[in-house]
Amino acid sequence: TRLKSQKGGGDLDGLLADPEAPPVELSGFSDEQAVLLEIAETNVQERDQEIQKIASSINELSAIFKELAVLVIDQGTVLDRIDYNMENVVMATKKGVKELETAE
């Protein structure tokens with residue numbers, strides 16, 4: 001573990017900030033407490049890794065939703081063009097029907 005002995009009341013922040021720090025002797029702790037402390041530290045590191053994975057997944061999901069939004073906008077534009085063209089076809093058809101009726 002990287003935790004500093006409480007005996008000297010040392011600075012834990014410096015050690016905790018450096019994941020590459022060498023293990024420090026745990027004087028002042030019983031063997032059981034030292035094992036529990038190591039387990040707790042391992043749990044904290046595992047949780048930190050899982051939180052980082054979750055954050056990464058959320059960022060990926062955000063990118064997917066942004067891409068989806070672009071696709072939805074593009075599809076909306078296509079639908080608007082189809083609707084516009086259908087209106088033009090209806091008007092042209094009505095005009096053609098009137099011309100046929102007058103031609104008879």
Side-chain angles (χ1 to χ4, degrees):
T1 124
R2 296 175 282 117
L3 296 177
K4 193 167 186 161
S5 167
Q6 288 186 348
K7 185 176 184 180
D11 178 27
L12 290 177
D13 292 333
L15 285 173
L16 292 175
D18 182 11
E20 300 301 320
V24 178
E25 184 179 325
L26 294 173
S27 54
F29 291 106
S30 70
D31 289 343
E32 183 180 344
Q33 289 172 326
V35 169
L36 290 174
L37 193 56
E38 288 178 17
I39 291 170
E41 182 178 336
T42 301
N43 288 340
V44 167
Q45 290 172 351
E46 289 173 0
R47 286 180 185 158
D48 182 56
Q49 290 173 353
E50 290 299 319
I51 289 170
Q52 289 176 7
K53 287 179 186 176
I54 290 169
S56 175
S57 296
I58 289 172
N59 285 333
E60 289 176 23
L61 187 61
S62 172
I64 290 170
F65 273 109
K66 286 178 184 177
E67 291 173 13
L68 184 61
V70 169
L71 291 174
V72 167
I73 289 170
D74 289 346
Q75 290 299 312
T77 302
V78 169
L79 286 175
D80 288 343
R81 276 189 257 145
I82 291 171
D83 183 51
Y84 173 76
N85 288 336
M86 289 301 297
E87 287 176 6
N88 286 339
V89 166
V90 168
M91 290 184 350
T93 303
K94 286 181 181 179
K95 184 178 179 184
V97 167
K98 283 183 184 179
E99 288 181 13
L100 283 173
E101 289 173 349
T102 55
E104 291 179 350

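All residue numbers refer to positions in the sequence shown, counting from 1. Here the structure is a predicted model, which means the values were calculated and not measured.
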Can you tell me how far [atom2] of [Y] sits from [atom1] of [X], rounded to the nearest 0.5 angstrom?
{"X": "T77", "Y": "I82", "atom1": "OG1", "atom2": "CD1", "result": "11.0 Å"}
{"X": "N43", "Y": "L36", "atom1": "CG", "atom2": "CG", "result": "10.5 Å"}
{"X": "T93", "Y": "K95", "atom1": "OG1", "atom2": "NZ", "result": "12.0 Å"}
{"X": "D74", "Y": "L79", "atom1": "CG", "atom2": "CG", "result": "11.0 Å"}
{"X": "K66", "Y": "L71", "atom1": "NZ", "atom2": "CG", "result": "14.5 Å"}

Subject >> Side chain E67, main chain I64, donor-acceptor under 3.5 Å >> reply: no
Original post:
Where the side chain of S57 meets the backbone of K53, is there a donor-acceptor pair that is under 3.5 Å apart?
Top reply: yes
Subject >> V78 vs R81 side-chain heavy atoms within contact, under 4.5 Å >> reply: yes
Subject >> Note: E101-K98 ion pair, threshold 4.0 Å (strictly below) >> reply: no
Original post:
What do you reckon, is CG of D31 surrounded by more than 12 foreign heavy atoms closer than 6.0 Å?
Top reply: no
Original post:
Checking side-chain hydrogen bond (donor to acceptor under 3.5 Å, both in side chains) for the pair E41/Q45: CA distance, chi angles, key distance, verdict?
Top reply: CA-CA 6 Å; E41 182 178 336; Q45 290 172 351; 3.3 Å; yes
**OP:** Please assess N88 against M91 for the test side chain to side chain contact (heavy atoms under 4.5 Å, CB included), listing each intermediate value before the final yes or no.
**Re:** CA-CA 5 Å; N88 286 339; M91 290 184 350; 4.2 Å; yes
Original post:
Shared ILVMFWY cluster between L68 and L61, side chains joined below 4.5 angstrom?
Top reply: yes
